[in-house]
Amino acid sequence: MPEPCGICRRIERLTPDDPHVIAELDTGYAVLGDNQIYSGYTIFVAKRCVAELHLLPPEERSTFLHEMAQVAEAVFRAFAPRKLNYELLGNSEAHLHWHLFPRYGDDPNPRWPVWNNEAFMQASPQAPVDTERLRDLRERAREALTDVRRQR
């Protein structure tokens, strides 16, 4: 049996009281990013470990995309960014996961991807975000996600 990927190992450690965990949905987990240079940065991680979107069975893929859109709408409602960026890369970890980046008016590089922001790239999980701030962000995102899912 192959060694679990880094995202699978991270999923195994998730608990409902983790301040990063927004919600568990049918096909994935909505979690706050380790660094919050972009306040409200959220990742929607697939439960199934596959490298490519087309590898999900059609019905599961449809649900996964629908749930990702719900999480994205919740992030937009909760944090009111100027723009929301969506990225599904998988170059570092070949496990489906969407990066949802709120972009604000004070963005240092509004026309470039966040990967061009040196502060974002140099921030590390070893320098965690204040737990109270994470809990506030999580609660705002949870409330918005509950509202979005109730309306659909």
Side-chain angles (χ1 to χ4, degrees), residues 1-79 81 84-103 112-150 152:
M1 181 174 236
E3 180 79 19
C5 77
I7 290 178
C8 288
R9 287 193 303 274
R10 182 93 183 244
I11 288 172
E12 290 171 359
R13 295 190 312 266
L14 292 179
T15 63
D17 61 333
D18 182 326
H20 289 89
V21 176
I22 297 167
E24 178 179 354
L25 286 76
D26 291 338
T27 63
Y29 299 91
V31 296
L32 290 167
D34 286 334
N35 94 46
Q36 288 293 308
I37 301 294
Y38 295 90
S39 189
Y41 164 42
T42 299
I43 304 168
F44 184 57
V45 180
K47 287 182 177 179
R48 185 187 299 258
C49 186
V50 297
E52 304 297 340
L53 191 57
H54 67 270
L55 296 175
L56 289 176
E59 188 173 315
E60 185 178 352
R61 179 175 55 234
S62 178
T63 302
F64 177 68
L65 290 169
H66 178 73
E67 289 180 339
M68 181 280 301
Q70 288 180 321
V71 172
E73 183 177 348
V75 169
F76 194 86
R77 287 184 183 193
F79 305 110
L84 184 65
N85 290 168
Y86 300 65
E87 294 191 7
L88 176 69
L89 303 170
N91 298 324
S92 298
E93 286 285 354
H95 181 131
L96 289 180
H97 62 287
W98 286 93
H99 296 269
L100 303 167
F101 291 106
R103 306 294 291 267
W112 292 92
V114 299
W115 315 108
N116 283 31
N117 181 341
E118 196 171 317
F120 177 78
M121 295 305 292
Q122 290 181 356
S124 72
Q126 288 72 37
V129 180
D130 173 69
T131 304
E132 286 307 310
R133 179 169 175 239
L134 273 178
R135 286 192 175 117
D136 175 61
L137 295 170
R138 177 190 66 191
E139 291 312 309
R140 290 167 57 191
R142 277 183 177 172
E143 287 175 21
L145 183 57
T146 298
D147 289 346
V148 167
R149 291 177 62 88
R150 190 177 299 133
R152 305 292 154 120

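- Distance CD/E67 to CZ/F44: 4.5 Å, rounded to 0.5 Å.
- When the side-chain contact (heavy atoms from CB on, under 4.5 Å) test is applied to D18, the partners found at least two apart in sequence or on another chain are L14, T15, H20, V21.
- Between P113 and N85 the shortest side-chain heavy-atom distance does not fall below 4.5 Å.
- Under the side-chain contact (heavy atoms from CB on, under 4.5 Å) criterion, E139 pairs with R142, not counting sequence neighbours.
- For the pair E73 and R149, the minimum side-chain heavy-atom distance is 4.5 Å or more.
- Ring orientation note: the planes of H97 and H99 are nearly perpendicular, at an angle over 60° on the 30°/60° scale.
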Inset, instruction - Starting from the C-alpha separation in whole Å, work towards a yes-or-no answer on side-chain contact (heavy atoms from CB on, under 4.5 Å) for L56 and T27. - result: CA-CA 10 Å; L56 289 176; T27 63; over 6 Å; no

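- At least one side-chain heavy atom of F79 sits under 4.5 Å from a side-chain heavy atom of L137.
- Residues satisfying the side-chain hydrogen bond (donor to acceptor under 3.5 Å, both in side chains) test with E24, not counting sequence neighbours, are K47.
- The residue from W115, F76, W112 that alone fulfils the ring pair (Phe, Tyr, Trp, His ring centres under 6.0 Å) condition with F101 is W115.
- For residues 52-65, the side-chain hydrogen bond (donor to acceptor under 3.5 Å, both in side chains) pairs, not counting sequence neighbours, are R48-E60.
- Rounded to the nearest 0.5 Å, atoms CG (L145) and OG1 (T42) are 9.5 Å apart.
- Residues meeting the side-chain contact (heavy atoms from CB on, under 4.5 Å) test with I37, sequence neighbours left out: N35, N117, F120, A123.
- In terms of the side-chain contact (heavy atoms from CB on, under 4.5 Å) criterion, residue partners of E132 (sequence neighbours excluded) are, by chain and number, D130, R135.
- Nearest approach of P81 to R103, heavy atoms of both residues: CB-O, 3.3 Å.
- For the residue pair L134 and Q36, the shortest heavy atom distance occurs at CD2-CG, 4.4 Å.
- For the pair L100 and M68, the minimum side-chain heavy-atom distance is below 4.5 Å.
- Using a cut-off of 4.0 Å between Lys/Arg side-chain N and Asp/Glu carboxylate O, R133 and D136 are scored as not salt-bridged.
- In this structure, CH2 in W98 is found 9.5 Å from CG in L89, a value given to the nearest 0.5 Å.
- Closest of all the heavy-atom pairs between C5 and C49 is SG-SG, 3.8 Å.
- F64 is listed as a side-chain neighbour of L53, based on a closest heavy-atom distance under 4.5 Å.
- Here the CG-CG distance, from L88 to L96, works out to 5.5 Å after rounding to the nearest 0.5 Å.
- Nearest approach of I11 to A46, heavy atoms of both residues: CD1-O, 3.7 Å.
- Taking both residues in full, the closest heavy atoms of S39 and P102 are given as O-CG, 3.4 Å, listed atom of the first, atom of the second, then distance.
- A pairwise comparison of heavy atoms in G6 and E93 identifies N-OE1, 3.3 Å as the closest pair.
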